[in-house]
Amino acid sequence: MTGWNVIYPMGWDDNGLPTERRVQNFFGVRCDPEHPTEPALAEANGINKTRAILDSLKPHKERIKDPLPIAREDFIRLCHFVTEEDEKAYRDLFYRMGYSIDWSEEYATIDDRSRRIAQRSFLDLNRKGHVYTSELPTMWDVDFQTAVAQAEVEDREKNGAYHDIEFAVEDPNADVKSFVISTTRPELLAACVGVTAHPDDPRFKGLFGKYAITPVFFSRVPIFPSDKADPEKGTGILMVCTFGDQTDVEWWRENSLQLKAVLDKDGRIRPMEYGVEWDAAKGHEDRAKENFGSLVGLRVNQAKRRVVEMLQDSENSATSKGAPLQGEPKPITHPVRYYEKGDNPIEYLTSRQWFVRLLDKKDQLQGKGEAVRWRPDFMHKRYANWTDGLNADWAVSRQRYFGVPIPVWYPLNEHGERDYGKYIVATEDMLPVDPTATPAPGYTEDQRGKPGGFDAEVDVFDTWFTSSLTPQIVARWGDADDRMSQLFPMDLRPQAHDIIRTWAFYTIAKAMLHHDDVPWHNAAISGFIVDPDRKKMSKSKGNAITPLPLVEQYGADAVRYWSANGRLGMDMAYDETVFKIGGKLVTKLYNAGKFVLSQTGPQGDITHELDRAFIAELKDVVRRATTALDEYEFAVALQVTEDFFWSGFTDNYIELLKGRTRNDDDAEGRASAVAGLRLGLSVMLRLFAPFVPTIADEVWSWVFAEETGVPSVHLAPWPGSAGAQGGMSMPGVPAGHDISAVPAPQNPGSFAAAREAIAAIRKAKSEAGISLGKPLSSLVLSADEKGRSDLSLVLGDVAAAGGAPSVSFNGAVTGGDTRFEAEITPLEE
RNA sequence: GGGCGAUUAGCUCAGUUGGCUAGAGCACCUGUCUUACAAACAGGGGGUCGCAGGUUCGAGUCCUGCAUCGCCCA
């Protein structure tokens, strides 16, 4: 409407765990890459057919209890079926909501272009030295069995218990022969590789440099000082395990401690011979081996119970002073880290992953964050705080199936072992590529898995690795039809505040690493719709609402009206009355349009003072609404428009004109009235068009479409706009629809004065208990000099609207808060 | 523990750089079938602006502290 050629693409983020989980639950299957493909499944062309085939392989009831393993290829096909269904539902909803999306610009993060550009991103990062693969302790979800990134982890307040456990000091000559540590995770005792306390803590100063012996497993571990140990917490001395948390990782690294990985990728205790592969104090080897053996295969919680039992056995003491467990466990609540989509706590496992180097670029990332205009401003703080608190590089590899493959292979040595240092990256011409299906450059397929041959990376990218490229995907970065120079950086990223640390952050990071630029100039951060008690909506709490039933009940315009009331960055309490108000606005627009377009009369210009004064106010409304929209303050624009529509246009201007539009004796005044009404309606429809597009376009279609040759209000020029921008073609503003062509009134206060006068007359009629349409035989207004002067040019309209033959004046209003007061005499019947 | 936001009428919310008697819609009360609209219109009542200090001629607005709620992070 303002003449700009705007791109508004639609992208579907269909990679990732939620899709996989839905497929697993919906079909009763699980992905097993070792499993052969099922030919029948390849024939399936949709959900129903697929279910029938699966039912013939294994009944549904049994599959739900014990999921059917299927090949990766088959699994991915099912993922596509599910995402297609979901996307269809959203597409239908967005159509009904009237979003002006360029549907020809639709893309999905799993489609060929997105995969190609995501892999191109990896190639570029690799070329620039920003990626590396390494075997490191990483946050791991034991249910999904994948690495997760810092951004995907959240703290949850959980019940736990401090267990006080006695350790022995190895040195027989030490002053202190034993000490007690306090831990919430006794099951990690077998992974204990050190003990630490604060360097200034007098209780433990003498121990530093000596060794401790753990109970139950009789492991010899160093005692070292650390500033990070809190003397106030627990007993002030604690065990370091591989790995309980991020601090353990740091202690392990800084002190070159041993690695005792006790947990397997599925969250169970690994088979390992304590006292054989891992040391145990002399004479205790068998005991250590037997104790650990009883834990093998147990889940974390089971292992915890078993270790606590063993800690109650004095035979397992390292000091021969009775049971190592001191007293009863003390219940506490404490924050526990979870993968945001997970049901069991995060564990720190050592595994090989791919990383994007970000920790060394915090300053640059802050600079780019400052170069983006955040709306509202304070949202920038969220970004800055997150960037400041980064403590790990971005782990981008995921041990999942439905995602963009990492385009990498590894050469195998003569023993068939991967040489990770010499990894092979795909070449540009291969993209998109699935390395498990295509041989590495320079190799042939028959060398796959053979000594001296190659082996494919099976991991896929984190879903954010692709969705952080949405500007580049839309701009087709690096493709033959590249549009980067026109579309990058983009103008606006609209998104909610919960994904500043992920979507916004990673998108800024990628734009910086690839282009040393910002991805967009503005970030408009919306709040959430919260339930009437201001609680976050969630499916599991049962307080969530979905838009479609509301669209069906109240109409798309009412739903849009409601959402347009939300201020950027502010949560909005769900309030159904707002839909009703939106519905009333739609009805009112319909009725006002019907009335205005039914007024006929001689053709003519807007010459009357009242009409020009009304248009002058309307110009101001246009100016304020336009300014607000320029600042992304759409709620303000709507409110300014709506206020004037009700109190300026329908309740007053239309009412004041009803006399003149029917006055056969004043052709010029009548023509001016009809023209003023129609221009007013035309402008109001265009101002409302972004908010209530359906009714605005409906009313436009009745007369204006044909009259102007502009078939839709959404193609009509924005009131007061400069016309076509940047080479776009726009229809000119048709005669009678151009607000700027109307001359200024003689007195800018005319319309306001008429409005106040009519209010005074209404008040008098209301207080007299008579109908507002009741004709008057006399109408006397009290007004001061200024009031009389402001009214002088519009008296005829005021008298007609009041139902009086004429207006006479009295002295100024004494007291009160109005300029005008009316004395009325109803006409005798 | 750190950061951010919010707290204004019964409800949902505006209130721009400090400045007339703090506003809107809904709800409530009263009136009106009025030639676009009764899913309407008109009139009216209703607030110690979370609390306590401070700055100022003047504070819903600025400063300090506190309380409550929410979000983000540790």
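Just so it is clear: chains get the letters A, B, ... in the order the sequence lines come, proteins before strands, and each one is counted from 1. Not measured: the values here are computed from a predicted model.
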Side chains of [X] and [Y], donor plus acceptor under 3.5 Å:
{"X": "A:E576", "Y": "A:Y574", "answer": "yes"}
{"X": "A:D248", "Y": "A:T242", "answer": "no"}
{"X": "A:N522", "Y": "A:R375", "answer": "yes"}
{"X": "A:S682", "Y": "A:R686", "answer": "yes"}
{"X": "A:S226", "Y": "A:W251", "answer": "yes"}

Close aromatic pair by centroid cut-off 6.0 Å: A:F688 and A:F645: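 Aromatic pair counts; centres sit under 6.0 Å.
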Distance check needed: [N] [atom2] versus [X] [atom1], whole Å only.
{"X": "A:I499", "N": "B:C73", "atom1": "CD1", "atom2": "P", "result": "13 Å"}
{"X": "A:F505", "N": "B:C73", "atom1": "CZ", "atom2": "C1'", "result": "14 Å"}
{"X": "A:K580", "N": "B:A27", "atom1": "NZ", "atom2": "C1'", "result": "11 Å"}
{"X": "A:D575", "N": "B:C11", "atom1": "CG", "atom2": "P", "result": "12 Å"}
{"X": "A:N391", "N": "B:A74", "atom1": "CG", "atom2": "C1'", "result": "10 Å"}
{"X": "A:R819", "N": "B:U21", "atom1": "CZ", "atom2": "P", "result": "18 Å"}
{"X": "A:Y574", "N": "B:C11", "atom1": "OH", "atom2": "C1'", "result": "15 Å"}
{"X": "A:L585", "N": "B:C26", "atom1": "CG", "atom2": "P", "result": "12 Å"}

Test: A:K584 cationic atom under 6.0 Å from A:Y561 six-membered ring centre, within 45° of axis: no
Do [X] side-chain atoms and [Y] backbone N/O form a donor-acceptor pair below 3.5 Å?
{"X": "A:S789", "Y": "A:E785", "value": "no"}
{"X": "A:Q495", "Y": "A:I499", "value": "yes"}
{"X": "A:Q366", "Y": "A:A384", "value": "yes"}

Side chain proximity check, A:L589 to A:V692, heavy atoms < 4.5 angstrom: yes
Student check: side-chain heavy atoms of A:Y339 and A:E154 closer than 4.5 Å: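 Side-chain contact under 4.5 Å: no.
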Qualifying residues under ring-ring contact (aromatic ring centres under 6.0 Å, His included), relative to A:Y383, sequence neighbours excluded: A:W374, A:F505
How far does the [atom1] atom of [N] sit from the matching atom of [M], given to the nearest Å?
{"N": "B:G3", "M": "B:U21", "atom1": "C1'", "answer": "40 Å"}
{"N": "B:A39", "M": "B:C33", "atom1": "P", "answer": "16 Å"}
{"N": "B:G65", "M": "B:G5", "atom1": "P", "answer": "14 Å"}
{"N": "B:U61", "M": "B:A14", "atom1": "C1'", "answer": "14 Å"}
{"N": "B:A27", "M": "B:U12", "atom1": "P", "answer": "15 Å"}
{"N": "B:A6", "M": "B:G15", "atom1": "P", "answer": "10 Å"}
{"N": "B:C29", "M": "B:U68", "atom1": "C1'", "answer": "34 Å"}
{"N": "B:G18", "M": "B:C62", "atom1": "P", "answer": "8 Å"}

Nearest to side-chain heavy atoms of A:A573, which nucleotide of B:C13, B:A24, B:C71: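 Among the listed nucleotides, the one closest to the side chain of A:A573 is B:C13.
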Set of salt bridge (charged side-chain N to carboxylate O under 4.0 Å, His left out) partners for A:R660, sequence neighbours left out: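 Partners of A:R660 by the salt bridge (charged side-chain N to carboxylate O under 4.0 Å, His left out) criterion, ordered by chain and then number, come out as A:D611, A:D797.
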Which atoms of nucleotides 2-9 of chain B (N or O only) lie under 3.5 Å from a protein N or O atom, and what are those distances?
from : atom 1 : to     : atom 2 : distance (Å)
B:G3 : O2'    : A:N385 : ND2    : 2.9

Reading 5' to 3' through nucleotides 15-20 of chain B, protein heavy-atom contacts under 4.0 Å coded B for base, S for sugar-phosphate only, - for none: ------
Heavy-atom protein contacts under 4.0 Å, nucleotides 29-43 of chain B, coded B base, S sugar-phosphate only, - none: --SS-BSBB--SSSS
Atom pair CD1 (A:I761) and CD (A:E821), whose distance is rounded to the nearest 0.5 Å: 12.5 Å
Intra- and inter-strand pairs of RNA chain B in dot-bracket (Watson-Crick or G-U wobble, both distances under 3.5 Å; | for another strand): (((((((..((((.....[...)))).(((((.......))))).....(((((..]....)))))))))))).
Sugar-phosphate only, base, or nothing, as touched by A:R337 at under 4.0 Å among non-hydrogen atoms: sugar-phosphate
